[in-house]
Novice: 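Could you have a look at this structure, given as structure tokens, before my questions?
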Amino acid sequence: MADNFDLMATALKAVCPNNEILLDNAGKPSVMVRIPKMTYAQLGMGESTALFPAFIINGQEVDEIYISKYLNIVQNGRAYSLPGVDPAASMNFDQARSYCEAKGDGWHCMTRMEWGLLMRICEMQGFIPLGNNYYGKHSSEQFYKAIPTFIDTGAGGKTGRTATGTGPLTWYHDNSPSGIADPVGDVWEWAGGVRTVKGELQVLVNNNGADAANSQGVSSIKWMAINADDGSYITPAGNGTTANSVKMDWISNHLRYSKSITVQADTSRSCGFGTIDCDSTIGDAAKLVLQCLGMLPYKSTDLCPKAGHLCWFNNGADERAFYSGGGWGNSSCGLASSDGIYPRSHSWTSLGFRAAYAKLPTA
């Protein structure tokens, strides 16, 4: 068995050098894409040589993060990244996390900070992936399709989900066989480490969502608000009214970050990613945190802001969770799309997840 595994791993790396097969605590494999630690400067976010926060867990640096190459399936209560299968769907946020965390230490539901990292990598390579955002194909591609695995009867029998990794190379994050498959479309992907409470943005510090020991439960003390003045993490007041925290306002038909909310409602609102901005109360350091999360454009000339990917939010509900990337019937969605209008208990046939792995630092 060991010899067969070594041969399989060697064959994979011969074709996709940054791909690895990782075994979980049940001895079962997942195909993963390795992302080595990177700085702000390497990601086109200024000249700082400080580490991008996705590589900081519990206050310590990690050398790499592994992202599932494929949208995950679930077997025996654990998440797996495998090609050519129907991606798992119809689970809520806590279920998605449990499937990932059941695999052992360091396994977790891909965090929003890791999604922000993926967005910056795509910006730096000058390529934004396409995907199944229009019933089996991308809305901009006439002929490229993937293998159907789920039929959307509510859309007249059109293709819904497709088999993982069976789309064209344009559906991989780097436009190559080595890339992460299907980050756009097919199914939305639950995002760990981020939520809103009555419009106040709350996160786990840096990439602490990668460690299951840092609870993401509703009442967890690990949730932090973001200080609008200096980008530091502050303990939230509990009702979305933390002083000086970053909050989501609705101004001139788009999301605007501010210390206060002037237009608040428990309802769904949407705007293009490129229209999201901040008012004068949000300092540069806080803007950088939002940009690292992929929830605020870094530059208006970047590819994602220009693409017009839609984003949704709710700034009136007690708690709202987030997912990323769009589903099969969202032709206006893309890599920068996020949806934060539903509670963590939400589930549907176009909502799945992707596990990630990091070797957790020791104290």
Side-chain angles (χ1 to χ4, degrees), residues 68 70-75 77-81 85-102 108-112 115 131-139 146-164 166-167 171 181-196 216-218 266-271 273 309-355:
S68 287
Y70 305 106
L71 290 165
N72 283 184
I73 61 171
V74 178
Q75 293 180 344
R78 293 177 175 84
Y80 293 100
S81 168
V85 293
D86 181 29
S90 300
M91 78 290 295
N92 65 39
F93 174 57
D94 292 322
Q95 288 171 327
R97 284 178 42 240
S98 71
Y99 298 144
C100 300
E101 295 168 5
H108 58 278
C109 183
M110 186 176 178
T111 65
R112 185 65 204 187
W115 193 274
N132 170 23
N133 73 351
Y134 192 68
Y135 302 104
K137 64 185 185 69
H138 190 268
S139 56
I147 298 172
T149 56
F150 177 84
I151 300 302
D152 187 346
T153 56
K158 296 179 181 179
T159 297
R161 296 190 299 269
T162 60
T164 55
T166 61
W171 295 13
D182 308 317
V184 171
D186 219 69
V187 294
W188 288 91
E189 302 182 34
W190 279 115
V194 62
R195 70 175 184 177
T196 54
Q216 296 184 49
V218 174
D266 182 0
T267 190
S268 171
R269 293 190 170 106
S270 65
C271 64
F273 176 68
H309 302 156
L310 276 187
C311 299
W312 288 260
F313 75 103
N314 178 322
N315 70 352
D318 287 341
E319 185 197 50
R320 288 295 181 259
F322 281 83
Y323 35 84
S324 312
W328 71 71
N330 302 93
S331 61
S332 57
C333 289
L335 187 67
S337 291
S338 62
D339 192 326
I341 66 174
Y342 292 106
R344 64 174 60 216
S345 58
H346 183 62
S347 67
W348 60 323
T349 54
S350 186
L351 178 55
F353 72 103
R354 189 184 302 259

Novice: Just verifying a value: how many Å separate Ser347 OG and Asn92 CG, rounded to the nearest 0.5 Å?
Specialist: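 Between Ser347 OG and Asn92 CG, I get 6.5 Å after rounding to 0.5 Å.
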Novice: List, one per line, each side-chain donor-acceptor pair under 3.5 Å for residues 325-336, sequence neighbours excluded.
Specialist:
| unit_1 | atom_1 | unit_2 | atom_2 | d |
| --- | --- | --- | --- | --- |
| Trp328 | NE1 | Asp152 | OD2 | 2.9 |
| Asn330 | OD1 | Trp188 | NE1 | 3.4 |
| Asn330 | OD1 | Gly327 | N | 3.1 |

Novice: Grab the two heavy atoms, one from Ala317 and one from Asp266, that are nearest each other, plus how far apart they are.
Specialist: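 For Ala317 versus Asp266, the nearest heavy atoms are CB-OD1, 3.7 Å.
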Novice: Nearest 0.5 angstrom please: Arg78 CZ to Ile73 CD1, how far?
Specialist: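 Reported to 0.5 Å precision, the distance equals 13.5 Å.
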Novice: Where the side chain of Ser324 meets the backbone of Ser338, is there a donor-acceptor pair that is under 3.5 Å apart?
Specialist: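 No, because the side chain of Ser324 does not come within donor-acceptor range (under 3.5 Å) of the backbone of Ser338.
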Novice: Report the residues that fulfil side-chain contact (heavy atoms from CB on, under 4.5 Å) with Cys100, sequence neighbours left out, ordered by chain and then residue number.
Specialist: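 Partners of Cys100 under the side-chain contact (heavy atoms from CB on, under 4.5 Å) test: Ala79, Cys109, Phe353, Ala355.
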Novice: Answer whether the closest heavy-atom distance between the side chains of Trp312 and Arg269 falls below 4.5 Å.
Specialist: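 A side-chain contact under 4.5 Å is absent here.
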Novice: With sequence neighbours excluded, tell me which residues meet side-chain hydrogen bond (donor to acceptor under 3.5 Å, both in side chains) with His309.
Specialist: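 With neighbours one apart ignored, the set is empty.
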Novice: With distance as the sole test, does Thr349 use its side chain to make a donor-acceptor pair with the main-chain N or O of Ser90 at under 3.5 Å?
Specialist: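 No: the side chain of Thr349 does not pair with the backbone of Ser90.
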Novice: Mind checking what makes side-chain contact (heavy atoms from CB on, under 4.5 Å) contact with Ile147, not counting sequence neighbours?
Specialist: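 Only Ala163, Thr166 meet the side-chain contact (heavy atoms from CB on, under 4.5 Å) criterion with Ile147.
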Novice: Applying salt bridge (Lys or Arg N to Asp or Glu O under 4.0 Å), which residue pairs with at least one partner in residues 181-190 are found, sequence neighbours left out?
Specialist: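 Residue pairs passing salt bridge (Lys or Arg N to Asp or Glu O under 4.0 Å), neighbours aside: Glu189-Arg354.
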Novice: Measuring from atom OG1 of Thr159 to atom CG of Asn132, what distance do you get when rounded to the nearest 0.5 angstrom?
Specialist: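 It comes to 7.5 Å.
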Novice: For Arg344, which residues count as a side-chain hydrogen bond (donor to acceptor under 3.5 Å, both in side chains) partner, sequence neighbours excluded?
Specialist: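 In terms of side-chain hydrogen bond (donor to acceptor under 3.5 Å, both in side chains), with neighbours along the sequence ignored, Arg344 is linked to Asp94, Glu319.
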Novice: So, for His138 and Trp171, which heavy atoms are closest and what is the spacing to 0.1 Å?
Specialist: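 Shortest heavy-atom separation between His138 and Trp171 comes out as N-CZ2, 3.8 Å.
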Novice: Tell me, please, which residues at least two apart from Gln95 pass side-chain hydrogen bond (donor to acceptor under 3.5 Å, both in side chains).
Specialist: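 Partners of Gln95 by the side-chain hydrogen bond (donor to acceptor under 3.5 Å, both in side chains) criterion come out as none, since no residue qualifies.
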Novice: Of the non-hydrogen atoms in Thr162 and Pro87, which two are nearest, and what is the gap between them?
Specialist: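 Where Thr162 meets Pro87 most closely, the heavy atoms are O-CD, 3.3 Å.
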Novice: Taking only residues two or more places apart in sequence or in another chain, which ones pass side-chain contact (heavy atoms from CB on, under 4.5 Å) with Thr196?
Specialist: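 For Thr196 the side-chain contact (heavy atoms from CB on, under 4.5 Å) partners, ignoring immediate neighbours, are Leu201, Met248, Arg320, Phe322.
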Novice: Has Glu101 got a side-chain atom pairing as donor or acceptor with His108's backbone, closer than 3.5 angstrom?
Specialist: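 Pair absent, no side-chain N/O of Glu101 close to backbone of His108.
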Novice: Rounded to the nearest 0.5 Å, what separates atom CG in Asn314 from atom CG in Asp339?
Specialist: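 Asn314 atom CG to Asp339 atom CG measures 10.0 Å (nearest 0.5 Å).
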Novice: Restricting to ring-ring contact (aromatic ring centres under 6.0 Å, His included), what partner residues turn up for Trp190, sequence neighbours left out?
Specialist: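 Testing Trp190 for ring-ring contact (aromatic ring centres under 6.0 Å, His included), a comparison that skips the adjacent residues, returns Phe93, Tyr323.
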Novice: Give the minimum heavy-atom separation between Ser337 and Cys311, together with the two atoms involved.
Specialist: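 In this case the closest contact between Ser337 and Cys311 is CA-SG, 4.0 Å.
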Novice: Using 0.5 Å steps for rounding, measure from the OH atom of Tyr80 to the OG atom of Ser68.
Specialist: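 Reported value, rounded in 0.5 Å steps: 11.5 Å.
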Novice: Identify the two heavy atoms, one from Val74 and one from Ala88, that lie closest to each other, and give their separation to 0.1 Å.
Specialist: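 Scanning both residues, the minimum pair turns out to be CG2-CB, 4.0 Å.
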Novice: State which residues pass side-chain contact (heavy atoms from CB on, under 4.5 Å) with Asp318; sequence neighbours excluded, sorted by chain then number.
Specialist: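 side-chain contact (heavy atoms from CB on, under 4.5 Å) list for Asp318, sorted by chain: Lys198.
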Novice: Going by the rule side-chain hydrogen bond (donor to acceptor under 3.5 Å, both in side chains), which residues pair with Arg161 if we only count those two or more places apart in sequence or in a different chain?
Specialist: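 For Arg161 the side-chain hydrogen bond (donor to acceptor under 3.5 Å, both in side chains) partners, ignoring immediate neighbours, are Asp86.
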Novice: Mind checking ring-ring contact (aromatic ring centres under 6.0 Å, His included) for Tyr342 and listing every partner two or more places apart, or none if nothing turns up?
Specialist: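 With neighbours one apart ignored, the set is His346.
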